[in-house]
Amino acid sequence: MVDLGRVHVESFLEMMSAERGAAANTLQSYERDLDDVSSFLNGRSVRLTEAASADLAAYLSSLAQKGFKPSSQARRLAAMRQFYKFLYAEGLRTDDPTGILDAPKKGRPLPKTMGVEEVGRLLSQAETEAEDPAPGQLQRLRMLALLELLYATGMRVSELVSLPARVLDQEGRFLMIRGKGNKERLVPLSQSAITALKSYGRLLATENAAAKEPQESAWLFPAASKEGYLPRQVFARDLKNLAIRAGLTPSLISPHVMRHAFASHLLANGADLRVVQELLGHSDISTTQIYTHVLEERLQQLVQTHHPLAKQAKKHE
């Protein structure tokens, strides 16, 4: 007896090749996925061409139980959608059973971050280099100021490199940042960031005054670029080089990772999630919630430290 399911799969693959120009590896992937669906349905005594939505949902559920990643489940669902749409278009079915199936939710990946010790090593290396009076000290002081500002405020790298020169004239421990959508937010500065900023500003003014053709710039970190300020790619490159000199793995360190470190370290030390949202310039709290794993760890530690039953359990260990 002819397996009509197999015949229809082959017709589907021919259509994908002839009409859609699907590549050979794509066709092979579709064939493997549909064969797997067919095998599962056979175990339920259901033909591939006659499967109902519940049958296909059970198949996806079985994939999840076997530990398939959401991306792998989504790929199988995509193959099924294409196949059953083909059957519907060809008049071989009067419905599309995949129409009500939901794509598996992909877990949001946790942001890469740095430990407090790693940040400390990076800042210590930058500070040691900035104290060297040899030629090029301005660039080394600039790196220290960039790092101190980044870790103190958690601002985006685009916000950091485009800070205006008037920042050097302000007094106080707060900095006004203009972020996405031209929105402004106020962030506090650490004492070490203020010190690094002043040291950089003093040498910048000294070198400008000593130049044959002094050039006033509107930017805190001026550079010979199209925008007139330090390109973020240059800062990212210099940061990785600094990481190497500090004995750290450069591939794990970037300005964005430093921003994540700022947020993670604040939360781990008791900061409120909404405060961190304001400091990062997130318009929606859901964006900041990628850091909830830090809060969960902190809450577990709090319970283990302060809950009376947890204390009793420790006494009996």
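- Residue Gln233 holds its CD atom at 10.0 Å from CZ of Arg237, rounded to the nearest 0.5 Å.
- The residues Glu31 and Arg6 are annotated as salt-bridged, a charged nitrogen and a carboxylate oxygen being separated by less than 4.0 angstrom.
- At least one side-chain heavy atom of Val234 sits under 4.5 Å from a side-chain heavy atom of Asp238.
- The hydrophobic cluster containing Leu239 does not contain Leu144, counting ILVMFWY residues as joined when their side-chain heavy atoms lie under 4.5 angstrom apart, directly or transitively.
- To the nearest 0.5 Å, atoms CD (Gln82) and CG (Leu77) are separated by 10.5 Å.
- By the criterion of side-chain heavy atoms lying less than 4.5 angstrom apart, applied directly or through intervening Ile, Leu, Val, Met, Phe, Trp or Tyr residues, Val37 is grouped together with Met16 in one hydrophobic cluster.
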(request) Take Tyr59 and Asp36 through the test side chain to side chain donor-acceptor pair (under 3.5 Å) and record every step on the way to the result. (result) CA-CA 9 Å; Tyr59 169 69; Asp36 193 53; 2.6 Å; yes

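- Expressed to the nearest 0.5 Å, how far CG of Leu27 lies from CD of Glu14 amounts to 10.5 Å.
- Between Val167 and Pro164 there is a side-chain heavy-atom pair separated by less than 4.5 Å.
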(message) Evaluate Ser190 against Ser192 for side chain to side chain donor-acceptor pair (under 3.5 Å), listing each step before the verdict.
(response) CA-CA 5 Å; Ser190 63; Ser192 58; 3.2 Å; yes

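- Residue Arg185 qualifies as enclosed at atom CZ: its count of foreign heavy atoms under 6.0 Å is above 12.
- Taking a 6.0 Å sphere around CD of Glu117, one finds it holds 12 or fewer heavy atoms contributed by other residues, nucleotides or ligands.
- Checked by atom type and distance alone, the side chain of Gln137 pairs as donor or acceptor with a backbone atom of Ala130 at under 3.5 Å.
- The minimum heavy-atom distance linking Ala261 with Val119 is given by the pair CB-CG2, 4.3 Å.
- Side chain of Ser53 to backbone of Pro97: a donor-acceptor contact under 3.5 angstrom is found.
- Connection of Val46 to Tyr88 is not established within any shared hydrophobic cluster, with ILVMFWY side chains joined at heavy-atom distances below 4.5 Å, either directly or through further cluster members.
- To the nearest 0.5 Å, atom OG of residue Ser254 and atom CZ of residue Arg259 are 11.5 Å apart.
- What you find for Ala79 and Leu34 is that their closest heavy atoms are O-CD2, 4.0 Å.
- Although no hydrogens or angles enter the test, the distance criterion places no donor-acceptor pair under 3.5 Å between the side chain of Ser124 and the main chain of Gly120.
- Linking ILVMFWY residues whenever their side-chain heavy atoms come closer than 4.5 Å, directly or via other members, leaves Val116 and Leu242 in distinct clusters.
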(request) Would you please test Gln125 and Arg121 for side chain to side chain contact (heavy atoms under 4.5 Å, CB included) and show each step? (result) CA-CA 6 Å; Gln125 181 68 29; Arg121 284 172 63 183; over 6 Å; no

(request) Take Arg44 and Asp55, measure what side chain to side chain contact (heavy atoms under 4.5 Å, CB included) needs, and give me the verdict at the end. (result) CA-CA 8 Å; Arg44 294 168 67 96; Asp55 298 316; 3.3 Å; yes

(request) Show the numbers, then the answer: is there a ring pair (Phe, Tyr, Trp, His ring centres under 6.0 Å) between Phe12 and Tyr30? (result) CA-CA 10 Å; Phe12 164 69; Tyr30 276 137; 5.7 Å; yes

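- When all heavy atoms of Pro231 and Ala223 are compared, the pair lying nearest together is CD-CB, 4.3 Å.
- For Glu227, there are no salt bridge (Lys or Arg N to Asp or Glu O under 4.0 Å) partners, not counting sequence neighbours.
- In this structure a side-chain-to-backbone donor-acceptor pair under 3.5 Å is missing from Arg232 to Val161.
- A distance-only check finds a donor-acceptor pair linking the side chain of Thr153 to the backbone of Leu149 [under 3.5 Å].
- Listed for the Arg81 side chain is a donor-acceptor partner under 3.5 Å among the backbone atoms of Leu101.
- For the pair Ser11 (side chain) and Val7 (backbone), a donor-acceptor distance under 3.5 Å is present.
- Remark: side-chain polar atoms of His265 are paired, donor with acceptor, to backbone N or O of Met114 under 3.5 angstrom.
- Under the 30°/60° scheme for interplanar angles, the aromatic rings of Tyr229 and Trp219 are found to stand perpendicular.
- Side-chain atoms of Glu159 do not come within 3.5 Å of backbone N or O of Ile177 as any donor-acceptor pair.
- Linking ILVMFWY side-chain heavy atoms closer than 4.5 Å, directly or via other members, places Phe221 and Leu141 in a single hydrophobic cluster.
- Contact check on Arg140 versus Glu131 returns no salt bridge, with no Lys/Arg side-chain nitrogen under 4.0 Å from an Asp/Glu carboxylate oxygen.
- Between Leu48 and Tyr84, the closest heavy-atom pair is O-OH, 2.6 Å.
- Taking Ile, Leu, Val, Met, Phe, Trp and Tyr as members and joining any whose side-chain heavy atoms lie under 4.5 Å apart, directly or through other members, the hydrophobic cluster of Phe174 also contains Met176, Leu186.
- Looking at Thr195, its side chain does come within 3.5 Å of a backbone N or O of Gln191 through a donor-acceptor pair.
- Distance check, rounded to the nearest 0.5 Å: CD of Glu207 to CG of Leu138 gives 4.5 Å.
- Ion pairing between a basic and an acidic side chain is recognised when a charged N comes within 4.0 Å of a carboxylate O; Asp33 and Arg76 show such pairing.
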(request) Start with the C-alpha distance between Leu220 and Leu197, add both sets of side-chain angles, then the distance that settles side chain to side chain contact (heavy atoms under 4.5 Å, CB included), and finish with yes or no. (result) CA-CA 10 Å; Leu220 177 60; Leu197 195 56; 3.9 Å; yes

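- Atom CZ of Arg20 sits in a sparse spot, with 12 or fewer heavy atoms from other residues, nucleotides or ligands closer than 6.0 Å.
- Side-chain contact between Pro255 and Leu160 is absent, with no heavy-atom pair separated by less than 4.5 Å.
- Here the shortest heavy-atom pairing between Ala196 and Glu148 reads CB-CG, 3.9 Å.
- Annotation: the span from Asn208 atom CG to Glu216 atom CD amounts to 6.5 Å, rounded to 0.5 Å.
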(request) Run the numbers on Met143 and Phe235 for side chain to side chain contact (heavy atoms under 4.5 Å, CB included), then give the verdict. (result) CA-CA 8 Å; Met143 174 54 78; Phe235 173 44; 3.7 Å; yes

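- Counting only heavy atoms from C-beta outward, the side chains of Lys198 and Ile194 approach each other to under 4.5 Å.
- The two residues Val257 and Leu252 come nearest to each other via the heavy atoms CG1-O, 3.6 Å.
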